[in-house]
Amino acid sequence: LTARALAAAKPYRFSRELSPHALGVAMNIPTLVTLALVIAYPIYYAAYLSFHKVSLAELRRGIFPFVGLANYTRIFNDSLFLLALKNTLIFTAFSVTLELVLAIAIALLIDQTSVWTGRITKFLILVPYAVPPIAGGLIWSFIYSFEYGFLNRILFTTGLSATAVNWTGHPATALFAVAVPYIWRTLPFAILLVHAALQGINQELYEAASVDGAGAMQRFWHITLPLLRPIIVVILVLRTSFAFAVFDEVLAITQGGPGDATWVAAWYSYKRGFSPPFDIGVGAASAYVLALIVGMFAIAYVGLIYRRIR
Amino acid sequence: MRQGAPTRAALHVANLLVIAFFLLPLIAVVFGAMQSEKSLHADTRGLWPPEWTLDNFRVILSGGAQRGKVFEQATYLPDNIKKFHYALINSTVIAVSVTALTLIFASLTAYTVVRLRLRWVAWLMSVNVFARFVPVIVLMIPLYIAFRQMGLLNAIWGVIVAETGFLLPYGILILVPYFATIPQELDDAARIDGCSRFTAFIRVTLPLSAPGLASYGAIVFVIAWNDLLIPLILNNRAEFMTLPVMIASLVGDVFAFFNLTMAICLIALAPTVILVLLLRKFVVQGLSAGALKG
C-alpha cells in the first residue's frame, strides 16, 4: 500500500486538528499582518498623501488639507521633475543595455571550464552583490576622486594622460559615472541568470551544428542567442524596473550634481519629501508616478512568468 | 570543445579583465583605509601608497578616544564616527532579527501555498510578485508619516518591521519552489504516523528544506545589512543609525576624509562579502529560484 492509497482509505482527522482553511489562515497571519502594515497600507496612504498638502506646518498640526491634483500638476510643471525622469530614462537605458551585453559575455566566458582563470572569475562574481550599495558608491567616488582617485592615478602611471580628469564633475559624464558602479553592483545577478540558462542548453545542438560546419559566431547567433531569449527578457524587465528606482549610488557619488545633472526620480521624491521645505505631498505624488511606471513593468513580468509556466 | 593556444590566451586575458573590474573597488577600499590623510595628500599621482597604517581602524573602533600617530593633528572628528559602535550593533541586531522573522513568516506562508491548495493563498502569491516591484521610496514616505504618528521613528523595532515586510514577498518567492520539490508523500507518511499538518510541517518539511532556508537566509541577511533607504528615513539619530546610514551621513562631510570613510566602508562590507563567499552555492540557487519560478 502506498501512503496515498492509505490516506484515501482512512481519513485521518484528529479531534484537535484545524481544517485546511483554518490552518491556512493561522499560518498566514504573520505574513498578512506584516504585508498589510508595510506594503498595502503605505501604498494606499501614499496615494492619499499625494492628494493632500503635507509639509512641516501640516505635520505639526496633524491636519492634511485636500488639494486635489495640485501636487501632480506641480510636479508635471516642474522642469526639475521632467529632467529627473529624463535622466532616469537615460540612466536605465544605458545601464540595462550595457549590463545585459556584459552579462551574456561573462556568462559565456565562465562557461569555458577548461580555462582555469575562469574558476577565479566564477568564485568572485558574487562579491559586488554583497557590498552595501552606499559603501560601493562611496568607494567608487574615491576611485573617481579628482585629486586622490585611483582612476586618475592609473592614467598618470600608465602615461595615458598627464592632467587629471574630473569624472563626476562634468554634467556630460556624471550620469555615466553613476551608472558604472550601479552596473558593477547589479551585474552578478544578471550573469548568474544567463549562466544558469546556458547550463540548460543541450550540448548536442552545438555538436550537430559543428558537424554541419557552423563556426563559433554562427553557433552563437543561431543556437545560443535564440535559446537565451526567455532569460534575456526576464533580465530586461527585472533590471529595468529596479534601475528606475536607483538611489544609493546617486547619494554616494553625486548627490544629484553637478548642478542637477544626476537628479533621478527616486532622488527627486526623497529631496522633495525629506529636505526643506519638506513637501511630503509632492514627494508622494512623484513617488507614485515612479511606482506606476515600474508597475507596468511588473505586469509585463508576471505575464511573462505565467506564460513560461503554462 | 578544445581551443587553440591563441583562443585560450584571449580567454585568460578576458578573465583577468573581468576579475580586475570586480576587484578594483575592493583594492581601492583597502588602499584607502590603510593610509593616513597625510600620505593621501603627499603623493596624488602614484599607485602604491608611501606608507601603511592601521590608525584609521583604531580611531573608528575606539570612537575617537584613541588617535593614532597620524591623527595627532586632527582637532575635529564628526560626531557620528564617535558613535560608530552603535551603528555596528544596530546593523547586526537589525539584520539578524529581520533574517529570523522573514525566515519564519515566509516558510509558514510558503508551506500553505505548496500544501494546502487554497484559492486565496494562490491569490496572495500573485500579489507577492507585484509587491516585489514596489519601489522602496513609495513605501517610505507614508511609512515615515505613520511611524511618526505612532512614535516609532528612531527605534530599532520600526526598521525591523519595515524591512521584514519589504523582504517577505521575495522570500516567499524563493521558498515556494523549494518547498514544492519536497515530496508530498513524506507529509502523508508523517500524518499516518500521527502528526497533524502543522507538526508535519515542523518535523518533515522544514528540516528537509535546510538548503532552501540557507539560500533565503543568506540573501535576506545581505539585503537587510546593506539596506539604506529604510533606516535612513526612519532613523536619523546617531544612536539608532545602521552602518549604511552612517556612511551616507559622512558623504560630503569635509571632516571625514577618504581614509576614514574607506575604513568604515571596509568594516561595513566585510561581513556580507565573507558570508556570500562562504555560502556561495546557496546564494546562487536562491537568486535564480527567486527570479524564475514565480
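Below, chains carry the letters A, B, ... as their sequence lines are ordered, and counting in each starts from 1.
Looking at heavy atoms from C-beta onward, B:I233 lies in side-chain contact with A:Y270 at the 4.5 angstrom threshold. Residues A:F242 and B:R132 meet the side-chain proximity criterion, which asks for heavy atoms closer than 4.5 Å. In this structure, B:I145 and A:F64 have side chains that are in contact, with non-hydrogen atoms separated by less than 4.5 Å. You'll find the side chain of B:I247 stays beyond 4.5 Å of the side chain of A:P132, heavy atoms only. Between B:M262 and A:L138, the closest side-chain pair of non-hydrogen atoms falls below 4.5 Å. Counting heavy atoms from C-beta outward, B:L16 and A:I120 have side chains that stay 4.5 Å or more apart.
Note: A:T31 OG1 to B:L124 CG = 7.5 Å, rounded to the nearest 0.5 Å. One finds the CD1 atom of B:I172 at 7.5 Å from the CG atom of A:N28 (value rounded to the nearest 0.5 Å). Separation of atoms CG (B:L11) and OG1 (A:T117) is listed at 7.5 Å; rounding is to 0.5 Å. From A:L124, atom CG reaches atom CZ of B:R280 across 9.0 Å, with rounding to the nearest 0.5 Å. Distance CG/B:L168 to CD1/A:I39: 8.0 Å, rounded to 0.5 Å. Going from atom OG1 of A:T34 over to atom CG of B:L167 covers 11.5 Å, rounded to the nearest 0.5 Å.
Neither the backbone nor the side chain of B:F147 comes within contact range of chain A, judged by heavy atoms closer than 4.5 Å. Only the side chain of B:I223 comes within less than 4.5 Å of a heavy atom in chain A; its backbone stays farther off. Heavy-atom distances place no part of B:D227 under 4.5 Å from chain A, backbone and side chain included. Of the two parts of B:V138, the backbone and the side chain both hold a non-hydrogen atom closer than 4.5 Å to a non-hydrogen atom of chain A. Contacts between A:I106 and chain B at a heavy-atom distance below 4.5 Å involve the side chain alone, from C-beta outward. Within the 4.5 angstrom heavy-atom criterion, only side-chain atoms of B:V121, from C-beta onward, approach chain A. Heavy atoms of B:L266 lying under 4.5 Å from chain A are absent altogether. Using a 4.5 Å cut-off between heavy atoms, A:T121 contacts chain B through both its backbone and its side chain.
Ring planes of B:F258 and A:F142: tilted class, angle from 30 to 60°. Taking the six-membered ring for Trp and thresholds of 30 and 60 degrees, B:F31 and A:F150 have ring planes more than 60 degrees apart, a perpendicular arrangement.
For the residue pair A:L193 and B:L287, the shortest heavy atom distance occurs at CD2-O, 4.3 Å. The nearest pair of heavy atoms linking A:I143 to B:A28 is CG1-CB, 3.7 Å. Among all heavy-atom pairs drawn from A:P20 and B:L116, the shortest one is O-CD1, 3.6 Å. For B:P25 against A:W140, the heavy-atom pair with the smallest separation is CG-NE1, 3.4 Å.
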Evaluate side-chain contact (heavy atoms from CB on, under 4.5 Å) for A:I299 paired with B:F130, printing each intermediate quantity in order. CA-CA 8 Å; A:I299 291 169; B:F130 276 103; 3.5 Å; yes
Worked verdict on B:F22 versus A:F123 for ring pair (Phe, Tyr, Trp, His ring centres under 6.0 Å): CA-CA 11 Å; B:F22 281 155; A:F123 179 73; over 10 Å; no
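Proximity of a side-chain donor or acceptor of B:N15 to a complementary backbone N or O of A:L109 within less than 3.5 Å is not detected.
Put simply, of A:A36, A:A287, A:G136, the one with the most heavy-atom pairs under 4.5 Å next to chain B is A:A287.
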